[in-house]
Structure formats: structure tokens, C-alpha cells
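Working notes for the structure below.
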Amino acid sequence: MIHYVGSGHGLSSLAPCQKEMQRCLLERTVGFPENLNWFTIQHAKPRPIPPSIVKSFTCAAKSFFATAHNGASFSESLQLYSSLIQQCIGIKSITDITKIQSHALKRGFHHSLGNKLIDAYLKCGSVVYARKVFDEVPHRHIVAWNSMIASYIRNGRSKEAIDIYQRMVPDGILPDEFTFSSVFKAFSDLGLVHEGQRAHGQSVVLGVGVSNVFVGSALVDMYAKFGKMRDARLVSDQVVGKDVVLFTALIVGYSHHGEDGESLQVFRNMTKKGIEANEYTLSSVLVCCGNLEDLTSGRLIHGLIVKAGLESAVASQTSLLTMYYRCGLVDDSLKVFKQFINPNQVTWTSVIVGLVQNGREEIALLKFRQMLRSSITPNSFTLSSVLRACSSLAMLEQGKQIHAIVMKFGLDIDKYVGAALIDFYGKCGSTEIARSVFNGLLEVDVVSVNSMIYSYAQNGFGHEALQLFSGMKDTGLEPNNVTWLGVLSACNNAGLLEEGCHIFSSARNSGNIELTKDHYACMVDLLGRAGRLKEAEMLINQVNISDVVIWRTLLSACRIHGDVEMAKRVMNRVIDLAPEDGGTHVLLSNLYASTGNWSKVIEMKSAMREMRLKKNPAMSWVDVEREIHTFMAGDWSHPNFRDIREKLEELIEKVKELGYVPDTRFVLQDLDEEKKIRSLYYHSEKLAVAFALWRSNYKNTTIRILKNLRVCGDCHTWMKFVSKIVGRDIIARDVKRFHHFRNGLCSCGDYCWKSCSNSISPWELEAARLVIRLLLWQPCG
DNA sequence: TTAGGGTTAG
């Protein structure tokens with residue numbers, strides 16, 4: 001039943017309406033002079049509007065003109081409005097629809113056209129206007145309800161979609177298969193498990209179950225997104241006439257929940273049934289191959305993509321390059337990337353991520369620059385990855401430039417980028433900046449807190465890490481595996497034995513954390529460094545973990561405390577677990593060397609030669625004026641070696657005056673005392689510091705050193721003295737942690753070099769000597 | 001006139 005509303009719809013009102021329509025149409029066809037009549041419009045040649053549109057408008061107007069004169073019936077007028085609205089959809093003009101709506105409203109046609117108008121607004125992308133009409137008109141067709149729900153979901157407004165869905169039954173409208181195929185996504189988007197299940201129940205009651213493959217695949221997708229793969233499978237099994245979409249939803253579901261093998265099985269079943277995979281399926285299956293590092297299947301899918309002619313499809317190409325880099329084939333990944341004619345943001349990001357994950361950080365940064373040059377905007381994915389590249393290379397200046405780009409795009413409040421920034425500044429030794437980034441985050445989650453705890457941990461700020469950890473409870477954040485490890489490592493790096501033991505037992509007793517070998521390794525390190533070797537050994541035996549890293553950690557502690565007997569025992573365990581491992585032999589050889597057992601050292605070295613094991617040469621890198629310089633112990637190949645040597649001699653003389661005494665215990669070769677002292681002087685980190693000071697004599701910048709092994713104990717003392725005499729900060733990042741040298745002291749509090757045995761070690765004596773010297777040296781008051 | 005699945009990060 002169609003209702004007329006208002007009274008102005010008769011023939012008498014047609015003339016002004018005609019004028020109104022003429023005005024609307026004239027405005028639509030921009031460029032027409034206003035004094036033209038309908039006849040001239042038919043023959044006029046508009047400038048900016050494409051001829052096809054003008055033609056359609058002219059025909060519509062002609063028809064309206066004719067009906068107006070002949071006395072248009074209600075249905076004729078309605079038809080004309082519908083036709084005009086249809087044309088507006090064609091040119092996606094919301095303005096024109098609004099004009100037609102206002103015209104129709106004056107003539108009382110508004111409500112009769114309600115569903116048409118809703119459809120038109122939605123097709124032109126205006127959910128707001130559509131909703132306005134939806135709320136105004138009394139007789140909404142089921143199509144209007146379904147269209148509103150689908151549009152809200154497409155626009156990421158799932159809550160409003162659910163509101164509309166929940167109003168259907170009270171309004172006397174029963175949801176149909178179109179409703180359910182849309183609405184389940186709204187529940188999964190919002191993570192509303194119970195509500196989603198209830199809607200599933202309602203669909204069964206209404207008889208709109210899985211007989212429809214659209215409803216079935218939407219349900220499979222919803223259950224998969226909830227992580228309920230068993231339910232997803234049960235629904236899928238009931239669907240008759242399964243299609244490629246349903247299978248893809250299942251494949252993606254399994255993959256997202258770590259069951260990539262099952263995904264591949266589903267894919268095989270699908271192809272067995274003769275269902276052809278499309279671009280969506282193939283991209284998803286490639287992700288599974290990448291996650292499984294299953295290159296054979298990955299290459300097979302690559303073949304299928306070529307066969308299906310989908311090589312140029314962007315998503316499958318992106319997945320292809322992702323699959324190759326996850327399988328470690330960076331060059332193949334780059335080959336795929338080269339085939340892109342116009343790489344998009346995701347493609348650029350994928351290739352950058354792949355390079356960073358495979359340790360090709362420098363090329364990743366190069367690609368990032370190319371991306372910016374091709375005017376592709378980086379997103380939070382891209383920026384967090386390039387920041388990771390800068391962290392790995394300790395490239396402070398580059399990272400700062402990327403931080404500026406982050407600020408430009410307003411992404412410094414993003415939790416992913418924020419965590420990457422915190423990690424970056426932490427790894428570059430700038431804990432204060434890391435903290436200010438942390439404080440500026442819009443949303444703090446467990447990952448950003450973990451990043452901050454790690455920054456503190458790496459830089460020896462144990463108490464700060466503990467404080468942040470205890471504050472987590474107030475913010476309602478639950479610590480995870482990574483948090484416990486971070487805070488344990490903070491205690492370890494700062495030598496907080498008691499606190500570390502307390503944290504470890506809390507983690508063990510918390511009940512909801514599964515401790516991994518990393519947690520145990522950290523605890524063994526803490527106990528071992530503190531000299532509680534027996535306890536450390538007992539802990540390993542107690543948990544019965546056969547992991548080479550844990551035993552090697554204990555071996556390293558044996559070396560610090562000179563426990564040769566335990567070291568031999570531990571070494572046997574290490575060799576059992578990793579017979580080819582060179583590091584173990586180096587450790588034992590160093591242990592013999594530090595106890596002066598040179599015959600054993602020679603024995604070990606010849607054993608290592610036979611096994612063709614090599615000790616990694618110690619290397620240091622220093623960043624001076626954005627240029628990286630590499631140094632090796634006793635290597636004078638640097639073009640400025642004369643200046644470096646001169647600077648080094650000068651520094652050594654000055655630090656000696658302040659009390660520096662070379663500690664030859666750190667020379668692991670059998671040399672006479674004088675030669676030992678000379679070999680200490682030319683350690684790579686000393687060369688790097690001397691070079692940096694020579695090149696930047698009159699500047700007050702921080703010197704940043706990166707070392708591939710741990711900083712040697714003698715160099716550690718030497719750098720403390722140097723920081724005092726030159727009044728400059730030195731930050732040394734070694735393989736384990738950071739050392740901030742400032743004004744004669746180090747942030748590690750010398751914990752790394754302190755022996756915890758009962759007798760006073762030479763190091764403690766040296767530290768005491770240093771403190772006295774500094775006290776004397778500093779002016780009082 | 002209305003409907004379902006995919007690619008990149010800690």
C-alpha cells in the first residue's frame with residue numbers, strides 16, 4: 001500500500017515543481033546558461049560533464065516534461081524519481097540525491113521512495129544520510145535493513161550494525177540469510193563471543209542456517225576469529241555446496257591460530273573436490289607456507305599462481321615475497337619485489353620487514369629511502385620495522401631522522417611504533433628519551449611496558465625496571481612471559497641478586513606463567529655471577545632442561561670465579577649438547593688462560609685447530625659524523641693510524657696519572673708482562689675511543705662504541721678514567737649490555753667485573769682506589 | 001535494490 005503524504009502533488013503543483021526540477025538539473029549540468037529551456041538542453045553540448053551522463057539526464061528530463069503536461073499518474077512520477085535517483089547513483093552524486101529527495105518530499109513522495117533513497121545514499125558512500133532516511137521513513141523494506149547493516153560493517157561501525165540488527169524483530173522484521181551473512185562479522189569485529197553465538201542460535205530458529213553458503217562462510221569466519229576452530233569446523237562440515245570463500249575462511253582461521261599444517265590440509269581437500277583457488281586463497285596459503293618455512297609447498301603455490309595468471313595480483317605477489325623471506329630466501333623475495341610495477345604501501349613494507357628480519361638492515365634502510373622517494377607514505381608497520389633496523393645497527397642519527405618522520409605522520413602515539421622507538425632508544429643507550437616516548441604513548445599495553453623494562457635492563461637501571469614492573473598492577477596490566485624475563489634480566493644486569501631471586505620465585509608461583517629456558521638461563525646467570533655456582537647447577541638439574549645456552553652460561557660463571565673443576569664437568573654437558581660449538585672451547589681456553597694454566601691453553605687451541613674451530617676476533621665500531629669506523633685489536637690498517645696511536649699514547653699517559661693500572665689478567669695469551677701491557681693498550685675498543693676523540697677533539701658529543709664481544713675488564717676501567725679526563729660521555733654497547741661512562745664512573749656499577757667471593761678481588765681494590773682518587777681530584781664544596 | 005574469505009609490524 002502506497003501512501004500520499006501532503007496535498008501538493010496534483011497537476012496544479014507540477015509547474016513550480018517542473019521549474020524546481022529544471023533548476024536542479026541545470027545545477028547538475030554545470031556550465032549550462034540559466035535561460036535555456038528543456039528543448040535547448042536536449043541539444044546543448046555541456047563542457048565538463050561526460051556525454052553519457054548528459055544524455056541520460058536529458059532523457060529523464062524529457063520524460064518528466066512529457067508526463068507533467070499529460071498529467072502524470074502517481075506511479076509514473078514515482079518511476080521518474082526512481083529513474084533520476086538511479087542516474088545519481090551512476091554518477092555517485094549525493095548532492096543530486098538530496099535535491100531529488102527534497103523535491104519529492106514537497107510533493108509527498110518521500111516515504112514511498114525511502115528504500116530507494118537509502119540504497120542510493122549507501123551506494124554513493126553516505127551512511128549518515130542513509131541512516132537519516134532510514135529513521136524517518138515508516139515502511140522499511142528488509143533490503144534497507146540489510147543494506148544499512150552491511151554498510152555499517154564495511155565502514156567499521158559494527159556497533160551500529162548490531163544495534164540495527166537488534167531492532168529488527170521488535171520492528172516486526174525477521175532477519176534473513178542476507179542479514180546473517182553480514183551481521184556475524186560485526187560480532188567478530190567487536191569480539192562479542194556470546195552475542196555472536198546467540199545470533200547463530202537465532203539464525204537456526206529462523207531456519208536460516210548453514211543451508212546458505214554465504215551464511216555458512218560468515219559463521220565459519222566468525223568462529224575462526226573467536227579462535228573457536230572446532231566450532232568453525234563443525235559449521236563448515238554442515239554446509240552443503242561449500243565454495244572457495246568458505247574454504248578460504250577455514251584456511252585463514254587455522255593459520256591465524258598457528259595451525260598452518262591443518263590449513264594446508266584444508267587447501268588440499270579443497271583442490272581434491274575440484275574447487276579452484278583464487279587470489280584470496282593462494283595468498284592465504286602462501287602465508288601458511290611461510291609460517292611453516294615449507295619452501296616446497298611455497299614453490300608449488302608459486303607455480304599455481306603463474307598457472308592461474310595471478311602473477312600481477314598484488315596480494316598474492318605480496319604473500320609470495322613474504323613466503324620467500326620467511327623461508328630465508330631473501331634474494332628470491334627481492335626478485336618477486338622487482339616484478340612489481342607500482343608497489344603499494346603494503347608491498348614496500350613487506351619487503352622492508354623481510355630484509356630486517358633476515359639481518360639485511362642496510363638494504364632495508366635503502367629500500368625505505370626509495371619508498372619515500374616514490375611518494376609512498378610509510379605506515380606504522382613500515383616505521384616500526386625501519387626503527388628495528390636502526391636498533392640492530394645502533395644507528396642513532398638515522399633512527400632520530402626516522403623518529404622525525406614518525407612525528408610528521410603523528411604516529412608517535414601508536415603503540416607499535418612507540419614500542420619500536422622505546423626499543424631503539426634503549427638499544428642506543430638513550431634511556432631518558434625512551435622513557436619520554438613511553439610517557440607520551442596514548443595507549444600503554446604490555447608490549448610497550450616490556451620494551452621500557454628491557455631498555456632499563458640493558459642499560460643497567462635495575463631499580464627503575466623494578467619500579468615500572470610493580471606499577472603494572474595499578475594500571476591493570478598483567479605481566480606476561482616477556483615481562484618476567486625482562487625484569488629478571490634487569491636484576492641480572494644490575495646485580496640485584498635478592499630482588500632477582502624474589503622475582504624468580506614470584507614468577508614460578510604465579511601459576512599462569514610458563515617459565516622457558518630463557519628465564520632459567522637468566523637465573524643461572526644471576527646466581528652464577530654472584531658466585532652461587534652450586535645453586536645454579538642445582539637449578540639446572542632440578543628443571544632438567546637440556547639446553548646448551550644454560551650450561552654455557554654456567555660455564556661462563558665458572559670462568560669468572562675460576563672454578564676449574566666445575567667448569568670441566570659443565571663443559572662435558574655443553575659438548576654433549578653441541579659438539580661443534582666453538583664458543584665452548586673458547587670459554588674453557590680462556591678459563592685456563594685466566595688461571596695461568598698455559599699448557600692447557602695450548603692443548604685447547606690445538607684441539608680447536610683440529611676441529612677447525614675459530615675464535616671470533618674482537619671488533620669495535622664507532623660512529624663519527626655519521627660514518628662507521630671498524631677496529632680490530634692491534635690492527636693498524638686505519639688510514640689515520642698515526643694520529644690514533646698518538647692520541648692513544650697521550651690518553652694512556654693521562655689516565656695513568658689518575659691511577660689507571662693495566663690489568664694483565666685480561667690478556668689471555670702467554671706473554672711476558674711488558675708485552676701483555678702493550679697488547680692491552682691496543683684493544684679494539686681503546687683504538688675506537690682514541691680515534692673518536694682525535695676526530696672530534698673540540699666537540700662535546702657522546703662517543704658511541706659497538707663491540708661484538710663483551711667489553712674487556714681492563715678497557716672498562718680505562719674508559720671510566722678517559723670519560724673523566726676528557727669530560728665526555730662514552731656509551732659502549734657490547735654483546736650483552738650497555739655501559740655508560742660518565743665522569744669516571746660506569747652505569748653498570750662495575751657489577752660485571754665484580755667477583756663475589758669472600759676475599760677482596762683486585763677489581764674491588766681497583767674500584768676503591770678509583771673512588772679515593774676521584775674524591776681527591778674533585779674540588780670540595 | 002541487500003550478503004561471506006586475503007597480503008605487512010613489537
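Each chain gets a letter, A, B and so on, in the order its sequence line appears, and its residues count up from 1. All figures in this text were calculated on a predicted structure; none of them were measured in a lab.
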First and last nucleotide of DNA chain B touching chain A, 5' to 3', heavy-atom cut-off 4.0 Å? B/dT1 to B/dG10

Could you check whether A/Y324 and A/H302 have their ring centres less than 6.0 Å apart? yes

Report the C-alpha distance between A/R299 and A/D332 in whole Å, list the side-chain angles of each, state the deciding distance to 0.1 Å, and finish with yes or no for side chain to side chain contact (heavy atoms under 4.5 Å, CB included). CA-CA 11 Å; A/R299 286 205 193 278; A/D332 289 65; 3.8 Å; yes

N/O donor-acceptor pair under 3.5 Å between A/S350 side chain and A/V346 backbone: yes

Base, sugar-phosphate, or nothing: which does A/D445 touch, judged by heavy atoms less than 4.0 Å apart? base

Name the nucleic acid region contacted by A/S319, choosing base, sugar-phosphate or nothing; use a 4.0 angstrom heavy-atom cut-off, strictly under. sugar-phosphate

Begin with the C-alpha distance, continue with both residues' side-chain angles, and end with the deciding distance and a verdict on side chain to side chain contact (heavy atoms under 4.5 Å, CB included) for A/I162 and A/E195. CA-CA 10 Å; A/I162 293 171; A/E195 290 81 351; over 6 Å; no

Please work out if A/V353 contacts a base, only the sugar-phosphate, or nothing of the nucleic acid, heavy-atom cut-off 4.0 Å. sugar-phosphate

Would you say A/K242's side chain and A/V239's backbone share a donor-acceptor pair under 3.5 angstrom? yes

Under a 4.0 Å threshold between the charged nitrogen and the carboxylate oxygen, would A/D163 count as salt-bridged to A/K159? yes

Taking all heavy atoms of A/S455 and all of A/A434, pick out the closest pair and write down the distance. OG-CB, 4.2 Å

Tell me which residues in residues 175-189 of chain A put a heavy atom below 4.0 Å from DNA chain B, sorted by number, or none. A/E177, A/F178, A/S181, A/S182, A/K185

Sequence neighbours excluded, which residues qualify as side chain to side chain contact (heavy atoms under 4.5 Å, CB included) partners of A/D135? A/R131, A/R167

Using a heavy-atom cut-off of under 4.0 Å over every strand shown, decide if A/N450 touches base, sugar-phosphate, or nothing. nothing

Taking only distance into account, with no hydrogens and no angle test, what donor-acceptor pairs under 3.5 Å do side-chain atoms of residues 120-128 of chain A form with protein atoms, sequence neighbours excluded?
unit_1, atom_1, unit_2, atom_2, d
A/Y121, OH, A/Q101, OE1, 2.6
A/K123, NZ, A/D119, OD1, 3.4
A/K123, NZ, A/D119, OD2, 3.1
A/S126, OG, A/Y129, N, 3.2

Taking any heavy-atom pair under 4.0 Å as a contact, classify A/D243: base, sugar-phosphate, or nothing. base

Let's see if you get this right: which residues in residues 354-375 of chain A place a heavy atom under 4.0 Å from DNA chain B? A/Q357

Among all residues two or more places apart in sequence or in another chain, which pass the side chain to side chain contact (heavy atoms under 4.5 Å, CB included) test with A/I413? A/L442

What's A/Q86 touching, base or sugar-phosphate or nothing? Going by heavy atoms closer than 4.0 Å. nothing

Verify whether the ring centers belonging to A/W348 and A/F368 lie closer than 6.0 Å. no

Quick check against the 3.5 Å criterion: does A/D243 have a side-chain atom that pairs as donor or acceptor with the backbone of A/L246? yes

Is the NZ or CZ atom of A/R140 positioned over A/F134's six-membered ring, under 6.0 angstrom from the centre and within 45° of the axis? yes

List for me each residue that meets salt bridge (charged side-chain N to carboxylate O under 4.0 Å, His left out) alongside A/K92, sequence neighbours excluded, and say none if there are none. none

Residues in residues 249-258 of chain A with a heavy atom under 4.0 Å of DNA chain B, by number, are A/V252, A/H256

With A/H200 via ring pair (Phe, Tyr, Trp, His ring centres under 6.0 Å) - residues at least two apart: A/Y223

Restricting to salt bridge (charged side-chain N to carboxylate O under 4.0 Å, His left out), what partner residues turn up for A/D176, sequence neighbours left out? none

Have a look at A/Y454 and say if it touches a base, only the backbone sugar-phosphate, or nothing, with a 4.0 Å heavy-atom cut-off. nothing

Base, sugar-phosphate alone, or nothing: which one does A/S217 contact when heavy atoms must sit under 4.0 Å apart? base

Please classify the nucleic acid contact of A/D221 as base, sugar-phosphate, or nothing, using heavy-atom distances under 4.0 Å. sugar-phosphate

Within the structure shown, what part of the strands sits under 4.0 Å from A/S451 by heavy-atom distance: base, sugar-phosphate, or nothing? nothing

Quick one: side chain to side chain contact (heavy atoms under 4.5 Å, CB included) partners of A/A389, sequence neighbours excluded? A/V356, A/E361, A/L365

Taking only heavy atoms on the protein side, list every residue of residues 222-239 of chain A lying under 4.0 Å from any atom of DNA chain B, sorted numerically. A/K225

Which part of the nucleic acid, if any, lies within contact of A/V220, taking any heavy atom under 4.0 Å across all strands shown: a base, the sugar-phosphate backbone alone, or nothing? nothing

So what does A/R140 touch, heavy atoms closer than 4.0 Å: a base, only the sugar-phosphate, or nothing? nothing

Which is true for A/T349 with a 4.0 Å heavy-atom rule: it touches a base, it touches only sugar-phosphate, or it touches nothing? base

